[in-house]
A.B. asks: 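I have a structure here, written as structure tokens, and I will follow up with some questions on it.
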Amino acid sequence: SQQGEEDPQALSIQEGENATMNCSYKTSINNLQWYRQNSGRGLVHLILIRSNEREKHSGRLRVTLDTSKKSSSLLITASRAADTASYFCATSGVNNNDMRFGAGTRLTVKP
Amino acid sequence: ETGVTQSPTHLIKTRGQQVTLRCSSQSGHNTVSWYQQALGQGPQFIFQYYREEENGRGNFPPRFSGLQFPNYSSELNVNALELDDSALYLCASSLSGLAGTGELFFGEGSRLTVL
């Protein structure tokens with residue numbers, strides 16, 4: 001079964017706007033990661049946030065983590081058409097031996 | 001490019017047949033994880049291999065089996081194929097241990113169609 005649940009399932013915005021995707025999970029985690037996937041290809045790692053961190057930035061990406069609510073959000077600022085992809089959150093437990101993915105948010109950025 | 005290569009990229013099998021998918025991990029990585037991704041779904045964890053031993057397993061039946069070799073490359077074997085096994089199979093390598101970041105590096109996948 002999948003650990004994370006992304007929300008919304010699909011998001012369509014105009015170029016230049018910000019995109020926010022949310023992820024909720026059920027059990028205790030060691031870290032939470034966000035990945036991106038272009039139509040049916042391999043996943044690409046975007047950012048990792050550890051359970052003792054609350055916010056992390058990488059370029060146009062901002063990730064927050066609220067372990068009390070078991071939720072995370074991914075913000076992409078000033079979106080571009082090239083950001084069109086599916087975005088997945090993934091969590092791993094203490095042993096780091098079973099990273100679980102959510103169903104993903106399909107982001108479409110219109111030029 | 002992650003340095004993780006998978007073969008074959010596409011294949012078609014019929015129900016009841018067996019399939020072997022292969023994965024070469026990124027240089028320096030000692031761990032390989034396999035995922036099944038059905039169309040429109042997120043990747044589902046099949047199992048992980050670390051130092052040639054199965055190190056974790058998802059909710060998949062025993063007809064899904066794997067191997068990891070001394071060079072850390074890996075195989076996924078599926079016996080008695082069923083129609084629902086049609087999916088994109090993703091291999092991901094990583095570095096476990098104190099030096100590991102927890103980040104997975106994915107190959108481009110093997111798309112299996114079962115007729």
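Proteins come first, then strands; the chains are lettered A, B, ... in the order of their sequence lines, and each starts at number 1.
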A.B. asks: For the backbone of A:Arg54 and the side chain of A:Arg50, can you confirm whether one donor and one acceptor N or O come within less than 3.5 Å of each other?
C.D. replies: no
A.B. asks: Does any non-hydrogen side-chain atom of B:Cys23 lie less than 4.5 Å from one of B:Val4?
C.D. replies: yes
A.B. asks: B:His29 vs B:Phe105 aromatic rings, parallel, tilted or perpendicular, using cut-offs 30° and 60°?
C.D. replies: tilted
A.B. asks: Throw together a table of side-chain donor-acceptor distances under 3.5 angstrom for residues 13-20 of chain A, partners on residues two or more places apart or in other chains.
C.D. replies:
unit_1  : atom_1 : unit_2  : atom_2 : d
A:Glu15 : OE2    : A:Ala81 : N      : 3.0
A:Glu17 : OE1    : A:Gln14 : N      : 2.9
A:Asn18 : OD1    : A:Ala78 : N      : 3.0

A.B. asks: Parallel, tilted or perpendicular, judged at 30° and 60°: which one describes the rings of B:Tyr35 and B:Phe106?
C.D. replies: tilted
A.B. asks: Among all residues two or more places apart in sequence or in another chain, which pass the ring pair (Phe, Tyr, Trp, His ring centres under 6.0 Å) test with B:Tyr72?
C.D. replies: none
A.B. asks: Would you mind listing every salt bridge (charged side-chain N to carboxylate O under 4.0 Å, His left out) that reaches into residues 44-53 of chain B, with sequence neighbours excluded?
C.D. replies: none
A.B. asks: If you check every heavy atom in residues 73-90 of chain B against those of chain A, which residues fall under 4.5 Å?
C.D. replies: B:Leu88, B:Leu90
A.B. asks: Please state whether the side chain, the backbone, both or neither of B:Gln37 comes within less than 4.5 Å of a heavy atom of chain A.
C.D. replies: side chain
A.B. asks: Which bit of B:Arg111 comes within less than 4.5 Å of chain A, counting heavy atoms only: side chain, backbone, both or neither?
C.D. replies: side chain
A.B. asks: At a 4.5 Å cut-off on heavy atoms, which part of A:Glu6 comes close to chain B: side chain, backbone, both, or neither?
C.D. replies: neither
